[in-house]
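Below, chain A is the first sequence line, B the second, and so on; all start at residue 1.
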Amino acid sequence: MSSHTPHYEIKNLPANVSKWGFGLLGVGLVLAVLGFTMDHNNSVRLSYASLIAFMFLMSIGLGSLFLVALEYIAGAVWSLPFRRIAETLSLLVLVAPIFAIPVLMNMHHMYEWTNLEVVAKDNVLSAKAPYLNINFFYARFIGIIAVLGIFYWAFTRNSLKQDITGDQKLTKANVRLSALFLPLFAIGLTMLSIDFMMSLEPHWFSTIYGVYYFAGSFWAGISVIAFIAVNMNAKGMLGSWVNKNHFYSLGGFMFAFTAFWTYIAFSQFMLIWYANLPEETFWFIPRMSGGWSLVSISLIVFHFIVPFFLLIQKNSKTNPSRLKSVAVLIVFVHILDLYWLTYPSYSKHLAHTAHDMTKSQLEAIITTPVFGFLELGFIALALGVLITVFNMGAKGKNMIPLKDPKLQRAIDFHL
Amino acid sequence: MENKKLYSVAATFDDPNKIMIAADKVSDAGYKKYDVNTPFPLHGMDDAMKLPPSKIGYFTITFGLTGTSLILFFIWWITSVDYPQVIGGKPFFGIPAFIPVTFEATVLLAAIGSALTLIIYFFKFPNNSHPLHDTEYMNAVSSDEYGIYIEAQDEKFDLEGVKSLFNSLGAKKIHEIYYEEEFLTQKFSLFDKKFIIGLVVIAIFTSFSAYMHLNKLLYITPFNWMVEQPKVSAQQASTFFADGFGMRTPAEGTVARGFIPYAFTGKPEEAGKYLSNPLEANERNIDLGKRKYLTFCSPCHGNYGNGESRLNGQFPNGPTLHSDKIVNWPDGQLYHVISEGQNVMPGYSKQATRDERWAIVLYVRTLQRAMNAKESDLK
């Protein structure tokens with residue numbers, strides 16, 4: 001338990017980070033435009049692709065903001081060297097809503113409950129109308145983003161101020177803020193996932209949906225943090241003392257949330273499968289047939305089995321390059337998870353708008369996953385935004401909270 | 001002191017930082033047979049002692065996966081081989097329903113397996129005597145001091161050298177630990193008096209607590225809430241329904257699944273005229289008929305249908321089934337009598353299903369044929 005003052009100097013991220021960011025943005029834009037024109041300017045499909053990008057970037061932002069709040073309220077020591085990365089990534093909760101614009105513009109084609117004539121004829125939808133109506137939807141959306149933005153601003157302001165003044169009261173203020181933030185976070189995240197994804201099929205309901213999205217979000221969020229942390233540490237940007245003990249804890253969290261997501265996803269599935277009620281099973285049936293069943297199976301394999309058996313090994317958590325590759329896998333599987341959550345509704349939309357089709361042709365449309373340049377383009381755009389936001393946010397900032405009262409304990413942190 | 005041998009030299013420290021440095025220095029000095037004892041786990045001690053990663057994880061995952069495969073095999077065998085039963089319209093081996101059980105079995109076997117591996121393999125189980133037991137050093141390190149000891153068996157061991165090393169590290173006290181030869185070779189005996197008494201005490205305690213739990217505790221409020229439920233049991237009155245009956249009758253005009261109404265109640269001749277046996281006269285059906293005949297018919301009619309049964313003389317004799325009258329009855333009339341009864345004989349439609357009664361008819365015909373076998377049957 002040696003104690004020495006940490007040596008740290010601000011270094012800029014290497015130039016190829018911004019090249020990657022802008023490159024992905026450019027490639028994404030080209031692919032998206034190509035896909036859009038190839039599909040006869042299909043703006044509904046574009047909105048669905050944009051929805052994935054929106055929910056993905058929100059995932060990373062929410063997961064990072066949650067880690068910041070968690071560290072303060074739990075008094076966690078191991079995550080201190082990663083906090084600045086999480087703080088920087090949290091800005092995504094304010095950037096991601098750009099991708100919600102196409103969704104909001106095409107709401108009438110995506111969300112059945114926005115159609116007042118349909119709602120009036122439908123008992124279930126009119127019963128849900130006090131919650132699922134456009135005005136309240138916008139109010140919730142703006143409210144959630146505002147609350148997240150305010151807390152993002154407060155957390156990072158106090159944290160950065162402490163680097164200059166060294167005032168320990170700022171830590172205490174952030175602990176109080178986290179206690180206030182966490183319940184709001186839980187409500188906001190649940191509403192966000194219900195509003196944007198679950199209400200794509202407004203007749204369906206699952207009380208565990210918000211937790212499901214949270215499990216995937218935090219999983220992907222810490223994986224992005226792990227990926228960045230490994231790369232920055234290799235360039236010596238996190239000080240010289242971040243070691244395998246810190247990375248082991250990060251990998252342990254990734255491992256835990258692999259199991260947690262599986263637990264939640266399986267709980268949701270098993271109850272519906274066992275009760276076998278038609279008002280619940282119709283959500284799973286298209287996902288379990290035709291091409292969608294392959295997506296479901298690959299979720300089981302790559303969201304659970306592969307990361308579980310990779311991360312259960314100590315080596316994967318302590319060896320930075322292996323941790324990095326698992327993190328990349330996790331980020332892409334989380335995108336696949338969001339695709340699986342939203343795109344079957346697009347297949348349904350295609351079947352609804354199709355003309356002169358036999359029943360089996362309609363069935364084939366519903367059970368076939370749609371994937372092309374447009375979706376690839378939006379995924380690349382989302383990753384480009386992620387990298388660019390981090391690159392810009394990290395510029396000229398201490399990546400270690402140098403005057404945090406827990407710093408010495410974080411340096412001495414040992415398994 | 002002549003039969004005592006030096007086991008090790010130990011040092012105690014009063015600061016966790018010092019013991020970290022001590023462990024680091026001792027391993028650097030090249031000692032192999034040494035160990036550290038602390039009152040609570042110290043983070044980073046593995047690194048200081050330069051221990052290789054623990055192998056217990058491999059045992060845990062092996063036991064865990066064994067649990068997974070054993071329970072899955074077990075469930076598969078029960079639900080789809082040994083006793084297939086349709087539950088809730090699900091497939092016999094409907095995996096989602098069994099995942100929670102599989103998870104439990106995996107965790108259970110992994111946990112128990114790891115604990116047993118620790119005790120048997122790593123702690124070298126029946127060997128329960130160690131020279132460090134009951135020493136001043138052990139007392140100290142199990143309350144508030146941090147100790148390290150180097151065994152005399154170590155290749156680099158040298159009494160004075162070790163002592164000066166410990167002194168240079170700032171040891172609070174240095175202990176020399178001796179042991180007697182017999183003490184080490186002392187083996188654990190199954191018939192040790194203390195062990196037997198221990199077993200008896202445990203047995204008495206577990207039986208007593210199991211008895212109290214199952215016979216007393218379960219009948220105390222609130223544990224009896226599962227027993228007394230506000231539901232209506234069979235034959236009970238109900239305040240919910242207007243007629244006050246707890247048991248409901250089927251809705252008018254409905255027929256129970258698999259039930260076919262019988263049209264010939266009280267009309268044996270007509271039954272004989274219009275009914276014919278729907279079952280094929282194959283081995284499986286005759287075997288079913290034999291089992292049902294031996295269960296329901298043989299007590300009165302006898303195992304061979306000739307009326308010689310074990311109830312002879314205690315009850316109106318069951319008539320022989322080989323009389324001309326019965327041999328000449330059509331199948332339908334025989335079925336009618338089995339279902340509805342005749343004279344003293346009760347009907348068996350409640351005990352045997354429709355198919356089982358027809359199978360009995362098949363078997364009675366078989367018995368009749370056997371009693372009047374033709375020459376050609378013997379070939």
Side-chain angles (χ1 to χ4, degrees), chain A residues 1-4 76-78 241 243-249 251-252 255 258-260 262-278 280-281 284-285 287-288 293 296-297 300 304-305 308-319 408-415, chain B residues 13 15-25 36 38 40-65 67-69 72 75 79 86-104 106-107 110 114 146:
Chain A
M1 293 191 183
S2 53
S3 72
H4 49 84
V77 165
W78 65 270
W241 44 267
N243 57 36
K244 65 179 175 136
N245 294 302
H246 302 94
F247 284 121
Y248 182 92
S249 308
F255 177 62
T258 308
F260 182 65
T262 313
Y263 172 67
I264 296 300
F266 180 72
S267 304
Q268 174 171 294
F269 170 72
M270 191 188 76
L271 290 185
I272 291 174
W273 177 84
Y274 215 111
N276 209 8
L277 301 174
E280 290 169 347
T281 48
F284 273 108
I285 287 169
R287 286 170 173 80
M288 286 167 74
S293 69
S296 305
I297 290 169
I300 298 173
F304 170 55
I305 297 173
F308 184 86
F309 283 101
L310 281 176
L311 286 170
I312 203 170
Q313 303 164 37
K314 195 172 184 180
N315 226 348
S316 305
K317 286 171 273 191
T318 49
N319 180 344
Q408 190 55 53
R409 282 164 64 205
I411 292 172
D412 291 338
F413 176 74
H414 234 301
L415 283 175
Chain B
F13 300 84
D15 183 340
N17 288 334
K18 281 187 189 161
I19 192 76
M20 281 294 207
I21 297 163
D24 199 39
K25 288 272 152 54
V36 175
T38 55
F40 54 85
L42 287 179
H43 291 284
M45 184 50 89
D46 287 18
D47 283 346
M49 291 173 71
K50 297 169 188 71
L51 293 177
S54 166
K55 286 181 188 64
I56 186 76
Y58 296 103
F59 288 94
T60 308
I61 196 163
T62 311
F63 278 112
L65 292 179
T68 314
S69 30
L72 277 178
I75 292 171
T79 57
V86 177
I87 298 168
K90 299 284 186 281
F92 288 136
F93 186 45
I95 290 189
F98 302 124
I99 293 282
V101 180
T102 310
F103 168 75
E104 302 289 348
T106 307
V107 173
S114 310
Y146 308 84

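Heavy atoms of B/I61 lying under 4.5 Å from chain A belong exclusively to its side chain. Neither the backbone nor the side chain of B/I95 comes within contact range of chain A, judged by heavy atoms closer than 4.5 Å. Neither the backbone nor the side chain of A/F413 comes within contact range of chain B, judged by heavy atoms closer than 4.5 Å. Residue contact with chain B, scored on non-hydrogen atoms closer than 4.5 Å, involves the side chain of A/F309 exclusively. For a residue to count as touching a neighbouring chain, one of its non-hydrogen atoms must lie under 4.5 Å from one of that chain's; by this rule B/D47 touches chain A with the side chain only.
Residues meeting the side chain to side chain contact (heavy atoms under 4.5 Å, CB included) test with A/Y248, sequence neighbours left out: A/K314, A/K317, A/T318, A/L415.
Other residues, nucleotides and ligands contribute more than 12 heavy atoms inside 6.0 Å of the CZ atom of B/F98. Under a cut-off of 6.0 angstrom, the local environment of NZ in A/K244 is sparse, with at most 12 non-hydrogen atoms contributed by other residues, nucleotides or ligands. Atom OH of A/Y263 has 12 or fewer neighbouring heavy atoms from other residues, nucleotides or ligands inside a 6.0 Å radius.
Across A/M270 and B/P96, no two heavy atoms sit closer than the pair SD-O, 3.3 Å. Annotation for B/G44 and A/H414: closest pair CA-ND1, 3.3 Å, computed over non-hydrogen atoms.
Within the structure, the side-chain hydrogen bond (donor to acceptor under 3.5 Å, both in side chains) test picks out the following pairs touching residues 267-277 of chain A (sequence neighbours left out): A/S206-A/Q268.
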